[in-house]
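To keep things clear, I will list the structure first and then write my remarks on it.
Below, read A as the first sequence line, B as the second, and so on, with proteins coming before strands; counting in each chain starts at 1.
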Protein chains: 2
Amino acid sequence: MSSNNPTIKEIALRLNVSVSTVSRALHDHPRIGLKTRERVKELAREMKYVPNAQAIFFKKQKTAVIGVVLPSIKEEFFSQAISGIEAAATQYNYTILFGQSHDDPAIEKRVVDTMKRQRVDGIIISLSKNTHKISFLKEIEMAGIPVVFFDRVPDQADVHKVYCDIYKSTIDMVNWLYSRGFRKIAMINGPSILTASRERLEGYKQALSQKKMKIDMRYFESTDLTKEGTTHAMKKLLSLKNVPTAVISFNDYVHMDATQYAHLQGININKDIAFVSYSNLSITDYTAYPPLLSVEQYPYGQGEQSMETMIRAMKEQHPTHQYYHEEVPATLVIHGTKHVR
Amino acid sequence: MSSNNPTIKEIALRLNVSVSTVSRALHDHPRIGLKTRERVKELAREMKYVPNAQAIFFKKQKTAVIGVVLPSIKEEFFSQAISGIEAAATQYNYTILFGQSHDDPAIEKRVVDTMKRQRVDGIIISLSKNTHKISFLKEIEMAGIPVVFFDRVPDQADVHKVYCDIYKSTIDMVNWLYSRGFRKIAMINGPSILTASRERLEGYKQALSQKKMKIDMRYFESTDLTKEGTTHAMKKLLSLKNVPTAVISFNDYVHMDATQYAHLQGININKDIAFVSYSNLSITDYTAYPPLLSVEQYPYGQGEQSMETMIRAMKEQHPTHQYYHEEVPATLVIHGTKHVR
DNA sequence: GACTTGTGCGCAATCGTTTGCACACCGAAT
DNA sequence: ATTCGGTGTGCAAACGATTGCGCACAAGTC
């Protein structure tokens, strides 16, 4: 009936011992006699005593809570990532305080502030696509809360970060297309402020020049990741007099919008034009026009790795001069043609 | 440089006033003189003072944290839901402590225990599909932590719950099919322990009997929601000598597996057999065989509503005898045939 | 018998903040 | 001159748990 959780004080009172004895008994302190220990544990069980983590962590100045800030959990990539983070966190007995930035830097800052107030032990963050200054996060770090960036990471070296090498996998991707005879390779890239976009672009250019192909910027389009932006980009590509024979999309969502539009324009997907992409969403197995190939970025693995890195970062003494850069390998996943028509 | 966050004590020391004065000044207590108030606030800003929420909530016996337990965030339904919960929580200045059960009752219990330790102010939970006993949650409630169930809710009345009326929408769905001339209507339902499954079954039966149609249990199959389970169910339906002309799937994931298999068996989706489903996933717009119709269950809205209900539940004095049952309306969304082939 | 060693337990401080109460001072009203 | 009300501030307890230190008692050693 009592709404209040029992405390060690109440146990102590009932057993006529001191609170310190109860505390030590519950922790199996060797200096506490066996019978006392048993009596305490017995009563604790009976009273359904659950230690107050708030009090413990307050005392210890630790919370065993990690803040996780993502642009949007609606994206499969991030929901997979947080799943990995949570799995690893559970292993290390940490819990997850969760916040979304919705790609809005102001909200992102507010979420981070709340987490600081909550005195999380660390923050794992994938930056909003509109965030340019990360000074507020450096401040957090200066205040003794380690920050680990993942996937959408800043360029600078003085941060902990976990990401996969899009540059390298983009080169692999272009080579794959080249080896299959494609020469007119277009790209629908994401917003240029994203590191992810820059890496795609640089990998694209690098691969082409390795093959001694000249880079035609008319084959290079961008989208703001909305359906409209992607449709517009695809429209421009289709209007070229030299229509590309292959299109690399920024990710599978862009790919879906691009192919949907292209299909409406009478293009026979992966016949007239080959489509390849990034993300390797599980859902593409069910889509009308799966990409021939998609770069798997292992969001779950990146999430796990972020948590591992966080654990190590938390062990460093403050201030750190040791920054971890973890590169998770990306791999090309070639889809069967079973559902391609 | 200092890794430690400043406290009101340090501010008090520097200003030669007491901690109580600092505390009150920061809260604009009217009995503190204007100049003192200004001096305190000025210094607080200068020292980048951030109140220690741990200490405050420890003192106040409130954490402003709501625990959210979901089966798996990888499902779009739940990632949408948590998005809604988070949005509403932010409005009320609550933050979200997050955990997944992975449909495992043991993990579910462990997650809830951790949350109790953390002294969350409330728990919003969508039950694991294998959870039969919710006594551990009633205990949590007895201990003064309100529990709000959503979507996957228990049958009993003595709980707070938010859900949508699947029974009613199933009747609408069957009527929709009936009005278009379909008479051999099959169903691939989910695990029978889920309320969601029972409601679908009952709606199905009710609708058929309203139309004076006899209920043929050969048209009724179940899946454990795995691809294999669904394929098996579909296989049985296709092997009937009286093959159904319409199939109602438990949700869009089941629908995708069912139609994928049916297609491989040479069925012309939505021509030979009409397919309808639940969830109305945004992704179905891009899938090879979208359902003709899908029941929108508004996960985001259910999430928001769950948080609203939580706010109300937390206001009730303990123990409650006032339980909230919130029914979010479900609606039929009829897909165009644009991508159906 | 004095000394050491080990065993079993309690006292009290501590973490950062809030808050009821008391107190001191001041001007004004009686 | 006393009382009163208002204003500005400090004291100290409280929230729940942990932990260094100290004390009391018993058993063993010389």
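As rounded to whole Å, 9 Å separates atom P of C:dT17 from atom CG of B:Asn5. Between the CG atom of A:Asn16 and the P atom of C:dC11 there is a distance of 11 Å, given to the nearest Å. Atom CD1 of A:Ile8 is separated from atom C1' of D:dT19 by 11 Å (rounded to the nearest Å). Put simply, NZ on A:Lys35 is 13 Å from P on C:dT7, counting in whole angstrom units. For the pair B:Arg119 CZ and D:dA17 P, the interatomic distance rounds to 7 Å; values are reported in whole Å. The separation between B:Leu15 atom CG and D:dG8 atom P is 17 Å, rounded to whole Å. At whole-Å resolution of the value, NZ in B:Lys59 and P in D:dA12 are 16 Å apart. Straight-line distance from the CD atom of B:Gln118 to the P atom of D:dG16: 16 Å, rounded to whole Å.
Judged by closest nucleotide on DNA chain C, A:Thr21 is the one of A:Thr21 and B:Pro6 placed further toward the 5' end. Both A:Arg31 and A:Lys60 lie near DNA chain D, and the one whose nearest nucleotide falls closer to the 5' end is A:Lys60.
Salt bridge annotation for B:Arg152-B:Asp103: present, with a cationic side-chain nitrogen under 4.0 angstrom from a carboxylate oxygen. For B:Asp104 and B:Lys129, the salt-bridge test fails: no basic side-chain N is under 4.0 Å from an acidic carboxylate O. Under 4.0 Å is where a charged nitrogen must lie from a carboxylate oxygen, and between A:Lys138 and A:Glu141 at least one such pair does.
OP1 or OP2 of D:dG10 lies within a sub-4.0 Å distance of a side-chain N or O belonging to B:Ser18. Listed pair B:Lys9 / C:dC15 meets the phosphate criterion, a side-chain N or O lying under 4.0 Å from OP1 or OP2. The shortest distance between the side-chain N/O atoms of A:Thr36 and the OP1/OP2 oxygens of C:dC9 is below 4.0 Å. Between A:Ser20 and C:dG10, a side-chain N or O to OP1/OP2 separation shorter than 4.0 Å is absent. Between B:Gln61 and D:dG16 there is a side-chain N or O to OP1 or OP2 distance below 4.0 Å.
Among the heavy atoms of the strands lying under 4.0 Å from A:Val17 are primed sugar atoms or P, OP1, OP2 only; no base atom is included. A:Ile56 comes within contact range of the sugar-phosphate backbone alone, with a heavy-atom separation under 4.0 Å but no base atom that close. Within the nucleic acid shown, A:Phe57 has no heavy atom closer than 4.0 Å to any nucleic acid atom.
Not a single donor-acceptor contact under 3.5 angstrom links the side-chain atoms of B:Thr7 to the base of C:dC15. Taking 3.5 Å as the limit, the base of C:dG10 and the side chain of A:Arg24 contain a donor-acceptor pair of atoms between them.
Classified by interplanar angle (parallel below 30°, tilted 30° to 60°, perpendicular above 60°), the ring pair B:Phe98/A:Phe98 is tilted.
Among D:dT19, D:dT9, C:dG16, the nucleotide with an atom closest to any side-chain atom of B:Phe58 is C:dG16.
From B:Tyr323, atom OH reaches atom NE2 of B:His160 across 6.0 Å, with rounding to the nearest 0.5 Å.
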Next item on the list: I would like to know whether A:Ser83 and B:His102 meet side chain to side chain contact (heavy atoms under 4.5 Å, CB included); could you show each step before the answer?
Entry: CA-CA 10 Å; A:Ser83 207; B:His102 299 286; 4.2 Å; yes

